[in-house]
Protein chains: 2
Amino acid sequence: MGHPTLEDVAARAGVSRALVSLVMRGSPKVAEPRRKAVLEAARELGYRPNMMARGLAAGRTGIVGVLLPDLHDPGCAAVHDGLADEAAHGDVRLLATTGRGRPARELAALNDLLDLRPDGVVLCGPRIAAADIERAAAGCPAAVVGRSLRSTRVDCVTGDDTAAVEQAIAHLAELGHRGMACLDVGARPSPLRGACEAAGLTVVTAPEELPRAATAVLALGDTTGTTALTALLRAGRRVPEDVSLIVHGTPPGAEAAQVTTIAPPPAELGRLAMAALLSRVKDGPSAKPQRLTVPPRLDIRTTTAPA
Amino acid sequence: MGHPTLEDVAARAGVSRALVSLVMRGSPKVAEPRRKAVLEAARELGYRPNMMARGLAAGRTGIVGVLLPDLHDPGCAAVHDGLADEAAHGDVRLLATTGRGRPARELAALNDLLDLRPDGVVLCGPRIAAADIERAAAGCPAAVVGRSLRSTRVDCVTGDDTAAVEQAIAHLAELGHRGMACLDVGARPSPLRGACEAAGLTVVTAPEELPRAATAVLALGDTTGTTALTALLRAGRRVPEDVSLIVHGTPPGAEAAQVTTIAPPPAELGRLAMAALLSRVKDGPSAKPQRLTVPPRLDIRTTTAPA
DNA sequence: ATGAAAGCGCTAACAT
DNA sequence: ATGTTAGCGCTTTCAT
């Protein structure tokens with residue numbers, strides 16, 4: 001035989017199925033002796049509720065699906081932490097799928113998630129078409145982190161990129177730097193590149209291309225954050241004596257390597273998104289979508305110093 | 001109304017429910033005109049199969065649950081890639097949960113996974129008790145990556161740690177290094193530390209503690225990998241001129257930073273684990289457990305040079 | 001090749 | 001406080 005069912009537990013405890021169901025869901029209206037007996041029987045049999053059956057019968061699954069573009073992105077990991085923290089407040093379990101870098105797979109992963117009939121979905125930095133997101137949101141409460149959609153039903157939580165660039169530049173300017181450059185390694189151009197150019201920064205895509213005159217650099221991108229530091233150091237330029245470095249993003253090891261960073265706190269983004277989603281799940285589709293913008297946080301460590 | 005059901009599709013296409021079910025699962029024994037009509041109707045209604053109902057009725061869910069200790073671990077991300085690659089060969093969807101660093105939460109996450117009645121589960125570097133793993137494996141095919149269990153039903157795939165240390169030391173020795181040290185930053189001591197000590201390496205837990213005499217260091221741990229490099233560089237020691245560095249693990253940016261690494265290829269671990277699991281799913285619990293050990297791979301980049 | 005009918009394990013409304 | 005019952009949406013024999 002496979003897994004024991006509610007019925008098995010009921011038989012062993014000498015009660016009805018419904019009573020067991022009540023006990024399993026922690027209903028307060030079951031007499032103590034009965035409850036004890038039921039729990040005991042369940043334990044003895046090694047019973048575990050079947051979420052498939054429960055979800056089907058209840059019309060809600062208690063699942064919140066999380067779509068991640070890629071597990072390698074440390075920013076997404078931090079967002080997920082925030083999601084999980086906040087999810088603890090609701091009666092909800094997080095289940096993650098990933099697109100592994102390809103939009104097509106991301107869409108497939110999202111569809112797999114939706115087939116589970118989750119109570120809601122969170123899309124982290126989705127690369128799929130806006131129309132696909134909108135379609136998903138039509139059938140299931142949805143929140144998006146790190147991308148701003150014009151939508152009537154999706155909650156969006158994003159960092160304030162322009163402010164981030166401005167603050168980074170301001171910090172460097174305050175330290176007396178005049179020659180600043182922006183380093184955007186990474187396969188695709190960072191969404192921040194535009195803001196950097198607008199702010200008058202020279203943008204280069206490799207450390208060697210940095211103008212010698214630059215005494216300060218703003219590096220873009222989570223994954224390439226500490227890479228910029230090592231590249232600089234190995235090129236024989238001392239940091240921060242010769243050149244100051246600010247990284248935009250939340251690279252792993254930034255703290256250990258003591259690099260100054262600026263970024264919207266990713267866990268905060270996650271927390272806000274989950275909070276918005278949970279309230280949307282509670283209030284029904286009526287709730288009007290929230291569009292939250294989180295200010296960046298500047299963590300001054302030891303890679304920035306006076307010019 | 002909520003989501004359209006099989007019945008809705010059947011009604012619209014003017015056929016029976018069973019026929020639609022066959023079409024949805026791609027059965028070959030449905031006449032072409034009918035099939036077309038059904039698919040058309042499904043598309044028009046925006047039908048999506050309900051996995052809860054399907055899983056309940058079919059007795060299998062097509063889900064493989066993946067338990068990750070922590071999304072921040074780049075090694076686990078790579079393992080997951082391998083799992084996903086191999087999973088594409090089976091008719092299976094990956095769903096991930098995480099313990100976020102705490103064994104208690106990891107166990108909870110595992111239980112949530114098991115409640116879904118997955119066709120199988122993969123545990124990546126689990127920190128929970130062996131008994132808990134064994135219990136899980138009793139009800140559901142299970143594979144473990146990165147930890148070796150003595151079990152009659154769990155497949156285990158691990159890297160060969162001793163060989164890794166040996167090869168790292170051999171590589172350094174070949175380059176003429178005699179003073180070698182091992183750097184094990186990280187909250188908990190690395191499982192490799194023992195092997196390093198056994199090999200006669202001095203183990204220190206902070207870069208400053210490295211003996212000046214050491215001309216080569218073996219750094220342990222995925223997350224702290226490039227950290228070791230920056231710490232060395234910023235301490236004014238040139239790499240590899242003054243000191244050679246090998247990192248054990250798969251730190252993000254290792255390639256970009258050109259650091260020499262040694263590690264079992266994590267994606268390979270994942271691929272093997274999923275392959276083992278899928279064959280176990282097919283063959284039933286009868287299959288005897290596989291215990292696979294993957295040899296390390298040495299990636300010589302630019303942080304190691306002759307003494 | 002297609003349809004009819006019996007569940008899968010559970011919840012929820014109702015009855016007692 | 002506890003039991004009865006009718007589904008939830010689907011798969012799967014078994015007829016036809």
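Keep in mind that this is a model prediction, so the values were computed, not measured. First the proteins, then the strands, lettered A, B, ... as listed; each starts at 1.
Rounded to whole Å, atom C1' of dC8(C) lies 16 Å from atom CE of Met51(A). dA1(C) atom C1' lies 12 Å from atom CZ of Arg35(B), rounded to whole Å. If you take CE of Met24(A) and P of dT11(C), they are 9 Å apart, rounded to a whole angstrom. Atom CG in Leu19(B) sits about 19 Å away from atom P in dA15(D), given to the nearest Å. Here the P atom of nucleotide dT11(C) and the CE atom of Met52(B) are 13 Å apart, to the nearest Å. In this structure, the CZ atom of Arg54(B) is 16 Å from the C1' atom of dC8(D), given to the nearest Å. Between the CZ atom of Arg60(A) and the P atom of dG7(D) there is a distance of 23 Å, rounded to whole Å. Summarising the geometry, the separation between CG on Asn50(B) and P on dG7(D) is reported as 18 Å, rounded to the nearest angstrom.
The side chain of Val30(B) lies closest to dT2(C) when the candidates are dT2(C), dT2(D), dC8(C). Closest approach to the Ala57(B) side chain among dG7(C), dA4(C), dC10(C) is made by dG7(C) (side chain taken as heavy atoms from C-beta onward). The side chain of Leu56(A) lies closest to dC8(D) when the candidates are dC8(D), dG3(C), dC10(C).
For Arg25(B) and dC10(D), the shortest distance from a side-chain N or O to OP1 or OP2 is not below 4.0 Å. Of the side-chain N and O atoms in Ser21(B), one or more sit less than 4.0 angstrom from OP1 or OP2 of dT11(D). Taking only side-chain nitrogens and oxygens, Thr5(B) never comes nearer than 4.0 Å to OP1 or OP2 of dG9(D).
Considering Ile63(B), Val66(B), Leu123(B), Thr97(B) as possible partners of Leu113(B), the one that fulfils the side-chain contact (heavy atoms from CB on, under 4.5 Å) test is Thr97(B).
Of all heavy-atom pairs between Arg291(A) and Arg150(A), the closest is NH2-N, 3.8 Å.
A donor and an acceptor atom sit less than 3.5 Å apart, one in the side chain of Arg17(B) and one in the base of dT11(D).
Contacts of Ala58(B) with the nucleic acid, taken as non-hydrogen atoms under 4.0 Å apart, involve only primed sugar atoms and P, OP1 or OP2. When heavy atoms are screened at a 4.0 angstrom cut-off, Ala18(A) is found touching base atoms of the nucleic acid.
Not a single donor-acceptor pair under 3.5 Å links the side chain of Arg117(A) to the backbone N or O of Leu56(A).
Using a 4.0 Å cut-off between charged side-chain N and carboxylate O, Arg17(A) and Glu7(A) make a salt bridge. Under 4.0 Å is where a charged nitrogen must lie from a carboxylate oxygen, and between Arg153(A) and Asp155(A) no such pair does.
Along DNA chain C, the nucleotide nearest Ser16(B) and the nucleotide nearest Arg117(B) are compared for position; the residue whose nucleotide lies closer to the 5' end is Ser16(B).
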